[in-house]
Amino acid sequence: MPVANAEIAEQLDKIADLLDIEGANTFRVRAYRRAARLVEGLPRGVADMLAAGEDLDDLPGIGRDLADKIAEIAKGGHLELLDQLAREVAPGITELLRLPGLGPKRVHLLQETLGIDSIAKLEAAAKAGRLREVPGIGPGTETRVLRAIAEGAAAAPRTKLAVAEQLALPLLAHIAQTPGVLHAQVAGSFRRRRETVGDLDIVAASASGEAVMRRFTSYENVAEVVEQGPTRATVRLRNGLQVDLRVVAEDSYGAALLYFTGSKAHNIALRQLAVERGWKLNEYGLFEGRKLLAGRTEAELYRRLGLATVPPELREDHGEVDAARRGKLPHLVALDDIRGDLHVHTTASDGTASLADMAAAARARGYAYLAVTDHSPRMAMVHGLDARRLGRQIDEIERLNAKLSGFTILTSIEVDILEDGALDLPDEVLRRLDLVVAAVHSRFNLPIAKQTERVLRAMDNRLLTIVAHPTGRLINERPAYEIDVERVLRGAAERGCFLEVNSQPDRLDLADTHCRLAKEIGVRLAISTDAHAPAQLEFIRFGLDQARRGWLEPADVLNTRDLAGLRALLRHRR
DNA sequence: GCCGTTTTCGGCCCGACTGTTTTCAGTCG
């Protein structure tokens, strides 16, 4: 089994942590961290890239040395550097870094002076009141550390975007209503629309920071005020999510928004541009000496740096700065471009609303079409449709369509892809449908070659139109099944079929990096909700987020076509 | 450890808050 990119990133981060504790050159440490972020964001497996003879040295921030080390990890071999570091510095020591108030310097000092190299030893020393013997550490830090350990601070999973949204928007409204607040926005990975967020970052413009801070820290959902100053405060909400608020003057609002939206890598790239021009960029603005050149809006900051405004979703230092300089940023797909939904359920299988109600909801959204895709017989527990019941549904759709004008219900099904790649209904049944959505719902544990082959086999059937939730992952619950996404995408390109971006907040499958890979390979994607209730049609926003993060433009998306355009693409496949 | 029409050496992004301090290092984002 190939070593996953996430595992490689983890090892690189581990090396960075250990080097940091050891007191290595900070730029060397930074190089490892940068490499970890890069590997994490690659759309393809490093192992595959190496097998294809690609040189990792070509990647930005990766030189000969790191390329070799990454290759060594990817081959599953022991990394000599890591072994050596683990001998010099205790291997478990890196977990101490996750505690608040403990960074590399203090962790190093704790090991030197008290021999602490694990959470258990740290806890014992803190309880004995011995941490304060270490210079720079006092009773305050000791208490914080003990509390963090008690709360199990080590494992804080990231919050799904849809959940974060439900917490962020009411809080944002609360802050925006403070007298004197001119603007307020949620920045950070939330604004970049990453699939999960580690915390929330809110930026507000106001002349009186104290008033905003008081209102923020007294918000009813705040469980704890972690830190509070005149311009910055940190709180923890009742569910544990951390929220940072930063208040700036109106003249600096754009700069602060830019800064706190990140990503960190994007900011660094922008600052380098500023430095090249002899300027300085920080959260207060773009400066020439002490003179403010820009800061009120993001747009003017980008303009002064010679760039088109980069949409937040692209700010990952994945080529967007260069594209912005050359005027080649993509025109990202947006909600207005979506003409219909190609994956929804009704009460015929596991949906909660009737066919007529789902169609009415889609029509109310301004859509031109809706493909009804209930489950196939293999999904017995949800009463999947056999040929006869599907036939009845087709009849009902014809009756409804006859009464509707300017809106069309498309006949379809979410048919199971069986273990051998066959589809769960015979071709003569599938042939009657406008389109066929197919998905893997069983045998998630096949070896990667078999799982990949299974989906490729299914795509060999020219009646299959769209592969739904192609990796099967459930965020924070279940990892993707082992499947070679790149091979599936290339297979789809060869066969002229399509893959889905499933918009369910738990799925977001394909993921952003796979969207970008699909675009590079030339596979069009359907952004669908998999709605099981009328209100879930709204989830389309979350699928769009990931599509935008993957640089997709309207032309890359199947359901931006009007009905005639969609039918033309479907015919082409058959 | 990376990188280069200013450089193959000498740079590498920037500021707020905290705690433990008598002027600042470390942490954090």
Side-chain angles (χ1 to χ4, degrees), chain A residues 12 15-17 19-21 23-38 56-70 81 96-110 131-145 148 153 187-190 197-203 209 213 217 225-235 242-248 252 255-256 258-287 295 305 317 321:
Chain A
L12 293 170
I15 294 171
D17 284 343
L19 284 172
D20 216 354
I21 292 169
N25 179 323
T26 56
F27 298 106
R28 186 176 171 214
V29 175
R30 188 182 295 176
Y32 277 96
R33 293 208 196 287
R34 223 186 133 191
R37 298 292 77 75
L38 179 94
L56 303 176
D57 195 350
D58 295 339
L59 297 167
I62 306 294
R64 195 63 263 151
D65 186 89
L66 272 169
D68 288 345
K69 290 204 171 73
I70 292 170
L81 175 63
L96 300 182
L97 293 173
R98 288 202 291 270
L99 294 166
L102 294 189
K105 298 284 193 299
R106 283 180 189 154
V107 168
H108 179 78
L109 210 52
L110 283 168
L131 293 193
R132 62 189 79 176
E133 294 170 14
V134 178
I137 295 182
T141 303
E142 205 168 69
T143 314
R144 265 170 89 201
V145 161
S189 47
F190 181 90
V197 303
D199 62 13
L200 292 172
D201 300 286
I202 299 179
V203 180
M213 289 306 164
T217 54
V225 178
V226 179
E227 187 176 293
Q228 184 176 3
T231 66
R232 201 177 95 183
T234 300
V235 303
Q242 183 171 303
V243 188
D244 296 335
L245 172 65
R246 186 63 180 258
V247 181
V248 295
S252 295
L258 183 67
Y259 179 85
F260 288 102
T261 297
S263 66
K264 193 166 191 156
H266 180 80
N267 286 345
I268 289 171
L270 294 188
R271 284 183 183 187
Q272 276 162 352
L273 285 183
V275 169
E276 282 168 21
R277 289 161 169 75
W279 301 335
K280 183 176 72 171
L281 178 64
N282 60 27
E283 59 261 58
Y284 299 106
L286 182 64
F287 295 89
L305 291 170
D317 194 26
V321 174

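Chain letters run A, B, ... following the sequence lines, proteins first, then strands; residues in each count from 1.
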Are the side chain of A:Arg106 and the backbone of A:Ile137 linked by a donor-acceptor contact shorter than 3.5 Å? no
A:Asp20/A:Arg33 salt bridge by N-O under 4.0 Å criterion: yes
Examine B:dC13: is either OP1 or OP2 under 4.0 Å from a nitrogen or oxygen in the side chain of A:Arg30? Give yes or no. yes
Pairwise C1' distance for B:dG19 and B:dT23, with rounding to whole Å: 14 Å
Given atom CG of A:Leu245 and atom C1' of B:dA16, what is their separation to the nearest angstrom? 13 Å
How long is the line joining CD of A:Gln228 and P of B:dC17, in whole Å? 10 Å
Counting only N and O atoms by type, is there a donor-acceptor contact under 3.5 Å from the side chain of A:Glu283 to the main-chain atoms of A:Tyr259? no
Please give the distance between the C1' atoms of B:dC28 and B:dT22 as a whole number of Å. 24 Å
Between A:Arg246 (side chain only) and A:Ile202 (backbone N and O only), is there a donor and an acceptor less than 3.5 Å apart? no
Spacing between A:Met213 atom CE and B:dA16 atom P, to the nearest angstrom: 12 Å
Can you list, in residue-number order, the parts of residues 265-272 of chain A that come under 4.0 Å of DNA chain B, counting heavy atoms only? A:Ile268, A:Arg271, A:Gln272
Would you measure the distance from the C1' atom in B:dC17 across to the matching atom in B:dC12 and give it in whole Å? 25 Å
Distance (rounded to the nearest 0.5 Å) between A:Arg64 CZ and A:Lys69 NZ: 11.5 Å
CG-OG1 distance between A:Leu131 and A:Thr141, expressed to the nearest 0.5 angstrom: 8.5 Å
Spacing of the C1' atoms in B:dG10 and B:dG15 (rounded, Å): 25 Å
Take A:Ala233 and A:Asp65, find for each the nucleotide of DNA chain B with the closest heavy atom, and name the residue whose nucleotide sits nearer the 5' end. A:Asp65
Review item, nucleotides 4-10 of chain B N/O atoms under 3.5 Å of protein N/O:
none

All heavy atoms of A:Val107 vs all of A:Ile21, minimum pair found to be CG1-CD1, 3.8 Å
In terms of side-chain heavy atoms of A:Val275, which of B:dG15, B:dC2, B:dC13 is nearest? B:dC13
C1' spacing across the pair B:dT18 / B:dC13, given as an integer number of angstrom: 22 Å
Spacing of the C1' atoms in B:dT6 and B:dG11 (rounded, Å): 13 Å
To the nearest angstrom, how far is A:Asn282 atom CG from B:dA16 atom P? 8 Å
Using a 4.0 Å heavy-atom cut-off to protein, can you give one letter per nucleotide of nucleotides 21-29 of chain B, 5' to 3': B if the base is in contact, S if only the sugar-phosphate is, - if neither? -----SSSB
Main-chain N/O of A:Ala24 paired with A:Arg28 side-chain donor or acceptor, under 3.5 Å: no
Contacts of A:Ile62 and A:Glu227 projected onto DNA chain B by closest heavy atom; the upstream (5') one is A:Ile62
With a non-hydrogen cut-off below 4.0 angstrom, is A:Thr231 in contact with a base, only sugar-phosphate, or nothing? sugar-phosphate
Do the non-hydrogen side-chain atoms of A:Leu200 and A:Asp244 ever get within less than 4.5 Å of each other? no
Please state the P separation for the pair B:dC14 and B:dC9 - nearest whole angstrom. 26 Å
Just how far is it from atom CG of A:Leu66 to atom CD1 of A:Ile15, taken to the nearest 0.5 Å? 8.5 Å
Any strand is fair game: report the nucleotide pairing with B:dG1 by Watson-Crick or G-U wobble, both distances under 3.5 Å, or none. B:dC12
Looking at every strand, decide which applies to A:Arg34 at a 4.0 Å heavy-atom threshold: base, sugar-phosphate, or nothing. nothing
Tell me whether the side-chain N/O atoms of A:Thr141 come closer than 4.0 Å to OP1 or OP2 in B:dT18. no
Could you tell me whether the side chain of A:Ser263 and the main chain of A:His266 form a donor-acceptor pair under 3.5 Å? yes
Quick one: A:Leu286 CG to B:dC13 P, roughly how many Å, whole number? 16 Å
Find the distance A:Arg33:CZ to B:dC13:C1' and express it as a whole number of Å. 16 Å
Backbone N/O of A:Val248 and side chain of A:Ser252: donor-acceptor pair under 3.5 Å: no
How far apart are the C-alpha atoms of A:Val235 and A:Val226, what are their side-chain angles, what is the distance that settles it, and do they pass the side-chain contact (heavy atoms from CB on, under 4.5 Å) test? CA-CA 5 Å; A:Val235 303; A:Val226 179; 5.8 Å; no
Has A:Tyr32 got a side-chain N or O lying under 4.0 Å from the OP1 or OP2 atom of B:dC2? no
Say you pick atom C1' in B:dG4 and the same atom in B:dT8; how far apart are they, in whole Å? 8 Å
